[in-house]
Number of protein chains: 2
Amino acid sequence: MESRCENCIIRQFNSLRAMSKDELKKVSDSKTSKTIKKGEPIFEEGDKLNGVYCVRDGVSKLSKLSANGKDQIVKLATKGEVLGQRSVISEESTNLSAVAIDDMEVCFIPKESINNTLQKNPNFTLEVLRHMAHDLKEADDVIVNISQKTVKQRMAEAFLYLKNNFGEDEDGFLALTLTREDISNVVGTATESAIRIISEFKKKGLIHASGKKIGIKDERKLLEMAEGF
Amino acid sequence: MESRCENCIIRQFNSLRAMSKDELKKVSDSKTSKTIKKGEPIFEEGDKLNGVYCVRDGVSKLSKLSANGKDQIVKLATKGEVLGQRSVISEESTNLSAVAIDDMEVCFIPKESINNTLQKNPNFTLEVLRHMAHDLKEADDVIVNISQKTVKQRMAEAFLYLKNNFGEDEDGFLALTLTREDISNVVGTATESAIRIISEFKKKGLIHASGKKIGIKDERKLLEMAEGF
DNA sequence: TTAAAAATATGATAATTATCAGTAAAATAC
DNA sequence: GTATTTTACTGATAATTATCATATTTTTAA
């Protein structure tokens, strides 16, 4: 038996919280739950999406393939985020791929439920709008960072971002473990360059690592590095 | 005597077209027209905006200052675009500065008019949402371009962008004339690098220039260059 | 109109970053 | 548990891009 949206806590973190009980009931009736294994795609660049995906558990990377075959990760989406919204709203195929970094649990909500509510419930639309405004602001920041900061600065920033957004485990490692390649795709650099900088950060005592797991050792210095000192 | 929004053609190009006659009337009553001279700011990063600016004429650069003192131009906004929307919607201070590149004419619309309509007219909200979805998609593209393409490729792309979005004058020059510094801030590179690449493009016959004015000579090759051939 | 300031241009050089090559370690499949 | 594949790492080198210096041209202001 599947759980109902009405009782889902995740909803509190996204725009679905602005839905009425009745609307939520309809969404819940039309939704389907899916399990996505680590490494598997939820959708791919160019797909026409028939709905949105509400992330219940796990983390997904949203990325775009460039001409030279490298992926640029534009966002890491976790619990509570709704994927595919933009595509459904503008009725275009997605410009991003979503791939599971962890094992994930997502709910697929058909676009009809969303569009219906968008047209009838201004509160919901406004809530979606607020979220998108936030995403756009973040995107602007990413643009400025990528174009104005060095790879080293962006690497430092990435680790801080990972700590602030996904936390640490009991051993003090970043809770979200990314491959070196994924890190390089977040930062927008060559994998070897990312690895080199990780080595350097380790030597300088800014971070420590055990296999793939990376922990932040000197947050203050890392922050200074990100700011350019 | 000022012109009325109801009769303004510009409106057809932005989300204001989804407003009812009545709403439009209220907007028109509350709006004020402003003339902004070339080089003057409309608003600056960190400002709390009390409304949005609808561009009637001229072009504005939306930019963000980085720690090292360089401006990154995130968007060039022209006739029909509404500036400051994101800030008003999320009720935060803006993350961008808007400076006039041309002499401009803009209408200032107090946020109350906008917020009112956002809460009452789902069509308007949806229209704003669609625009923002579009902007977000564009921002993603910019991120991927900046991080995956070389400066040369991005320069080529910038000229094509300028042609496609602002057209050419009767002499075949790009209608929007930017300083070399502005070009470098759009592309995200050092001014000297931008100048050097302009010289190179001239030598290769991709563009021609007369003072600040730049014209596209071989669009096909420029496109190939942007794609990485 | 002339002086001053700003923008454009170019060379020399340094710094950053990517690429290629190859080894070591880890994860996965059998 | 071993073989195979993938991922991580390091060095050498090349390519890209930024920075500094300086000259020239253009624009602006007095």
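Order of the sequence lines fixes the chain letters, A, B, ..., with proteins taken first and strands second; residue numbering starts at 1 for each chain.
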Determine whether a donor-acceptor pair (N or O, by modelled atom type, separation under 3.5 Å) exists between the side chain of [X] and the backbone of [Y].
{"X": "B/Thr179", "Y": "B/Asp182", "answer": "yes"}
{"X": "B/Gln72", "Y": "B/Asn185", "answer": "yes"}
{"X": "B/Asp103", "Y": "B/Lys38", "answer": "yes"}

Contact class for [X] (heavy atom, under 4.0 Å): base, sugar-phosphate, or nothing?
{"X": "B/Glu192", "answer": "base"}
{"X": "A/Ser199", "answer": "sugar-phosphate"}
{"X": "A/Thr191", "answer": "nothing"}

Tell me the interatomic distance from [X], atom [atom1], to [N], atom [atom2], rounded to whole angstroms.
{"X": "B/Asn185", "N": "D/dA18", "atom1": "CG", "atom2": "P", "value": "12 Å"}
{"X": "A/Glu181", "N": "D/dT5", "atom1": "CD", "atom2": "P", "value": "18 Å"}
{"X": "B/Asp182", "N": "C/dA7", "atom1": "CG", "atom2": "P", "value": "10 Å"}
{"X": "B/Glu200", "N": "C/dT8", "atom1": "CD", "atom2": "P", "value": "19 Å"}
{"X": "A/Ile195", "N": "D/dG11", "atom1": "CD1", "atom2": "P", "value": "13 Å"}
{"X": "B/Ile198", "N": "C/dT8", "atom1": "CD1", "atom2": "C1'", "value": "9 Å"}
{"X": "A/Gln72", "N": "C/dA18", "atom1": "CD", "atom2": "P", "value": "11 Å"}
{"X": "A/Ile214", "N": "D/dT7", "atom1": "CD1", "atom2": "C1'", "value": "13 Å"}

(message) If the threshold is 4.0 Å, N to carboxylate O, is there a salt bridge linking A/Asp171 and A/Lys213?
(response) no

(request) State whether B/Lys202 places a side-chain N or O below 4.0 Å from either non-bridging phosphate oxygen (OP1 or OP2) of C/dA9. (result) yes

(message) Check the phosphate of C/dT16 against A/Ser193, side-chain N and O only, distance under 4.0 Å to OP1 or OP2. Yes or no?
(response) no

(message) Under the side-chain contact (heavy atoms from CB on, under 4.5 Å) test against A/Ser63, which residue among A/Val186, A/Val99, A/Asp71, A/Val74 passes?
(response) A/Asp71

(message) Which residues in residues 142-162 of chain B have a heavy atom closer than 4.0 Å to any atom of DNA chain D?
(response) B/Thr150, B/Val151

(message) Taking atom types as they are modelled, would you say the side chain of B/Arg196 forms a donor-acceptor pair with the base of D/dT19 within the 3.5 Å cutoff?
(response) yes

(message) Both B/Lys38 and B/Ala190 contact DNA chain D. Which one's nearest nucleotide lies toward the 5' end?
(response) B/Ala190

(message) Measuring from the side chain of A/Arg180 (C-beta onward, heavy atoms only), which nucleotide among C/dA18, D/dA8, C/dT19 has the closest atom?
(response) D/dA8

(message) Applying side chain to side chain donor-acceptor pair (under 3.5 Å), can you list everything that pairs with A/Glu227, at least two apart in sequence or on another chain?
(response) none

(message) Assuming nearest nucleotide by heavy-atom distance, tell me which of A/Lys212 and B/Gly211 is located more 5' along DNA chain C.
(response) B/Gly211

(request) Measure the shortest side-chain to side-chain distance between A/Asn14 and A/Glu81 over non-hydrogen atoms and say whether it is less than 4.5 angstrom. (result) no

